[in-house]
K.L.:
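If you scroll down you'll find the structure; I have some questions about it.
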Amino acid sequence: MGDRLVHHGEATKKAARPRLAVFKFASCDGCQLSILNLEEDLLALGQALDIAYFPEASSDMKPGPYDIGLVEGSITTAEDAHRILSIRRQTKVLITIGACATAGGIQALRNWADVEAFKQVVYPSPEYIQSLSTSTPISEHVQVDFELWGCPIDKGQLLRVITDLIAGIQPRLPADSVCLECKRRGNVCVLVAKGMPCLGPVTRIGCGAICPGMGRDCYGCFGPSEGARKGPGLPPNTASLAKHFHGGLQLIPIEIMRRFRGINGYGSSFLAESNAWEKKT
Amino acid sequence: MATRPTTQFGTERTGICIMSIASEMRGILPTANLQRLLDALSAKGYRIIGPTAHDGSVVWETVRSVSDLPIGWRDQQEPGRYRLEQTASQEVFGVVHGPQSLKPFVFAPREPLLQIERTKDGFAPRQMIPQLEKVAVIGARACDLAGLTVQDRIFLNDAYRDPYYAARREGLFVIAVNCVRALSTCFCASMETGPRAKTGFDLALTEVDDRLLIEAGSEAGFDLLSDLSLSPAPQKLLDEAATRVDACGHSQVRRLERSRLPQALYDAHEHPRWDDVAGCCLACTNCTMVCPTCFCHAAEETPDLDHQQTAHVRLWDSCFTQEHGYIHGKNIRPTIKDRYRMWLTHKLASWIDQFGMSGCVGCGRCITWCPVGIDLTEELSALLVPASRSSVTSQQVEGP
């Protein structure tokens with residue numbers, strides 16, 4: 001992000017506010033609701049940005065181009081695969097929000113299954129369903145500028161990214177493990193003290209370590225810590241953690257496979273780890 | 001210690017006179033009367049913090065009554081595993097330690113350093129020095145005190161005195177507990193930091209069955225002891241306490257081979273063992289977070305959306321993160337191997353060159369709280385054996 005979206009000082013008063021658009025693909029709308037859940041900050045957001053296109057919030061939908069485009073959901077239909085190309089052309093900074101847009105979401109479980117069989121079982125008239133056999137992240141279709149992980153995203157993180165973009169600086173999206181935040185908060189490690197198969201050590205920071213803070217094991221909803229498609233670093237050492245789940249915590253291979261094949265199962269290093277354990281089941 | 005540190009290291013006692021009246025520096029308090037000590041601290045305006053059983057371990061929390069302490073509980077620790085067990089005893093200090101050392105009290109995990117407002121001509125920063133709070137921590141161990149000494153060396157060093165740390169440190173009153181039971185992960189004896197608290201405490205307790213031997217280590221501690229007007233400690237009890245603490249030291253099964261440090265670790269820079277441990281290490285930062293001496297931190301801005309104000313916040317960081325190794329345009333520690341080697345070499349070797357002391361105090365927390373149970377004493381032993389590729393052990397992850 002070299003160029004500023006808006007300039008500060010006297011000039012700002014006359015400058016147009018950056019135009020924000022929020023798009024939806026295959027998803028549950030939870031990440032869009034995180035925006036609406038900003039509550040008092042939502043007013044400030046509305047002042048700092050021109051919320052031009054956000055069908056979840058308003059029927060006043062203005063045409064592009066847009067300065068910031070937030071994309072929720074994964075690509076699961078031919079129509080969507082076409083629509084994202086058009087959105088990319090109209091959007092200056094494209095940001096995926098959430099596990100679906102960033103890694104394919106829970107619906108990417110279909111990538112290991114027979115979608116035709118699902119249709120036959122679920123729908124009385126399956127011939128009306130037009131769907132791709134895969135659920136894929138936005139980055140497999142167009143260039144993505146920033147990725148916000150999480151199911152749902154952390155609204156504070158979204159606000160910080162927008163704040164940085166408005167200031168014209170590179171948004172900081174840490175790729176550290178959840179453990180760092182967990183220990184900063186003074187939580188007791190659920191893996192060490194309770195023997196729970198916590199994915200925190202290989203999962204990306206950003207949620208505030210909510211689950212371990214409530215005595216639950218992290219299930220990786222923020223995706224692999226480092227070495228994702230976007231962003232720096234090497235993939236986390238999922239192999240060592242999986243080996244400990246097996247040898248130390250006595251999980252059987254199919255349990256380990258399912259541990260990694262969840263909300264972010266199609267996310268690079270989790271995908272490789274679950275595939276490796278599938279071979280052992 | 002509540003007394004303001006007077007030297008660079010912040011551990012010297014200020015009350016020299018108390019040394020000459022040794023008999024009055026100690027007393028006996030029946031464990032059943034421990035509440036008297038807590039009440040005396042409260043009367044002096046201290047908020048009391050002690051270990052409390054939580055989520056399968058102990059964490060520091062404000063305590064008002066002795067019943068808030070983990071009476072009858074014991075901790076069992078081994079690499080990558082921590083369990084609390086209830087015993088039939090009425091031991092108050094049966095739990096040796098949890099994941100937290102004294103570090104969070106002085107070096108806060110997250111704290112605003114500056115509050116910055118935009119002004120007409122630029123910006124105006126305001127320093128956010130914490131208000132002085134009198135905090136008495138009961139239940140610190142000798143290793144924790146040693147860790148505090150190391151942190152004092154870093155944060156109170158004359159030229160680089162950290163005012164945030166100093167403000168928290170000044171209000172701290174430490175009641176140490178001498179260890180009479182070693183965990184399988186303890187190796188303070190080999191680091192000569194425990195199990196007896198030697199320095200850096202205001203009061204030290206030794207729990208001998210149903211009695212507590214209390215010793216003062218500072219003027220403030222001596223004052224508090226005087227207020228309690230305890231019965232003098234009989235020689236037999238002093239001997240018994242000493243015997244039990246000594247036995248605790250002798251019972252430790254782990255030790256750190258430090259006679260050839262720091263040079264031996266520098267010589268092991270290309271040792272194949274680094275590859276083996278990197279195969280196991282998650283780079284999750286847990287070892288550095290629980291370490292009483294690790295002091296790495298990051299700073300971040302938290303501006304409001306309208307860019308009129310921001311807090312400049314300091315937060316715990318770790319040499320195991322990707323960003324920590326990033327300098328302009330390049331990451332100098334991209335792999336887990338680079339990061340583990342950096343951590344262990346700094347902790348056990350270059351720390352000595354840098355600060356004149358070891359960065360390890362032998363508390364064993366990094367062993368217990370490593371999710372996959374990497375043991376630094378074992379790693380060091382392996383690294384001190386001359387390198388040969390055949391030394392690859394079961395540590396290596398073969399993959400599924």
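Please read these numbers as outputs of a predicted model, since none were measured by experiment. Proteins come first, then strands; the chains are lettered A, B, ... in the order of their sequence lines, and each starts at number 1.
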K.L.:
Anything under 3.5 Å between a donor and an acceptor, one on a side chain of residues 215-224 of chain A, the other on a protein residue two or more places apart or in another chain? List them.
P.N.:
unit_1	atom_1	unit_2	atom_2	d
A:D217	OD2	A:R259	NH2	3.0

K.L.:
Got B:L305 and A:D41 here, is their nearest side-chain heavy-atom distance under 4.5 Å?
P.N.:
no

K.L.:
Quick check against the 3.5 Å criterion: does A:N237 have a side-chain atom that pairs as donor or acceptor with the backbone of B:G279?
P.N.:
yes

K.L.:
Could you grab the distance from atom CG of B:D306 to atom CD1 of A:I166, nearest 0.5 Å is fine?
P.N.:
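So the gap between those two atoms works out to 9.5 Å.
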
K.L.:
For chain A, which candidate among B:N331, B:L315, B:V59 shows the most heavy-atom pairs at distances under 4.5 Å?
P.N.:
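Option with the top pair count is B:L315.
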
K.L.:
With a 4.5 angstrom heavy-atom cut-off, which part of B:E300 approaches chain A: side chain, backbone, both or neither?
P.N.:
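For B:E300, the contact with chain A is made by the side chain alone.
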
K.L.:
Tell me which of these, B:A283, B:S318, B:P109, has more heavy-atom pairs under 4.5 Å with chain A than the rest.
P.N.:
B:P109

K.L.:
Measure distances from B:T288 to the heavy atoms of chain A and classify the residue's part below 4.5 Å as side chain, backbone, both or neither.
P.N.:
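Contact with chain A involves no heavy atom of B:T288 at all.
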
K.L.:
Please tabulate, for the side chains in residues 174-196 of chain A, all donor-acceptor contacts under 3.5 angstrom to protein atoms that are two or more places apart in sequence or on a different chain.
P.N.:
unit_1	atom_1	unit_2	atom_2	d
A:S177	OG	A:C179	N	3.3
A:S177	OG	B:C284	O	2.8
A:E181	OE1	A:R184	NH1	3.0
A:E181	OE1	B:R110	NH2	3.1
A:E181	OE2	A:R185	NE	3.2
A:E181	OE2	B:R110	NH2	3.1
A:K183	NZ	B:N286	OD1	2.8
A:R184	NE	B:W316	O	2.8
A:R184	NH2	B:W316	O	2.6
A:R185	NE	A:G208	O	3.1

K.L.:
Heavy-atom distances under 4.5 Å only: say whether B:A108 touches chain A with side chain, backbone, both or neither.
P.N.:
neither

K.L.:
With a 4.5 angstrom heavy-atom cut-off, could you sort out which part of B:P303 is near chain A: side chain, backbone, both or neither?
P.N.:
both

K.L.:
Got more than 12 heavy atoms from elsewhere within 6.0 Å of CZ, A:R258?
P.N.:
no

K.L.:
Looking at chain A, which one of B:H324, B:H54, B:M289 has the largest number of heavy-atom pairs inside 4.5 Å, strictly under?
P.N.:
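Of B:H324, B:H54, B:M289, B:M289 has the most heavy-atom pairs under 4.5 Å with chain A.
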
K.L.:
Identify which part of B:T302 has an atom lying under 4.5 Å from any heavy atom of chain A, answering side chain, backbone, both or neither.
P.N.:
neither

K.L.:
Identify which part of A:I256 has an atom lying under 4.5 Å from any heavy atom of chain B, answering side chain, backbone, both or neither.
P.N.:
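Neither the backbone nor the side chain of A:I256 comes within 4.5 Å of chain B.
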
K.L.:
Atom CD1 of B:I374 and atom OG of A:S240: how far apart are they, to the nearest 0.5 Å?
P.N.:
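That separation rounds to 6.5 Å.
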
K.L.:
Find the distance between NZ (A:K243) and SG (B:C280) and round it off to the nearest 0.5 Å.
P.N.:
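Interatomic distance, A:K243 NZ to B:C280 SG, rounded to 0.5 Å: 6.0 Å.
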
K.L.:
What distance separates B:E301 CD from A:I169 CD1, expressed to the nearest 0.5 Å?
P.N.:
8.5 Å

K.L.:
How many angstroms lie between atom CG of A:L234 and atom CG of B:D338, to the nearest 0.5 angstrom?
P.N.:
9.0 Å

K.L.:
Let me know if B:D75 has heavy atoms under 4.5 Å from chain A in its side chain, its backbone, both or neither.
P.N.:
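Neither part.
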
K.L.:
Is B:L282 close to chain A through its backbone or its side chain, or both, or neither, when contacts mean heavy atoms under 4.5 Å?
P.N.:
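Backbone plus side chain of B:L282, per the 4.5 Å heavy-atom cut-off to chain A.
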
K.L.:
Counting only non-hydrogen atoms closer than 4.5 Å, does A:A48 touch chain B with its backbone (N, CA, C, O), its side chain (CB onward), both, or neither?
P.N.:
side chain

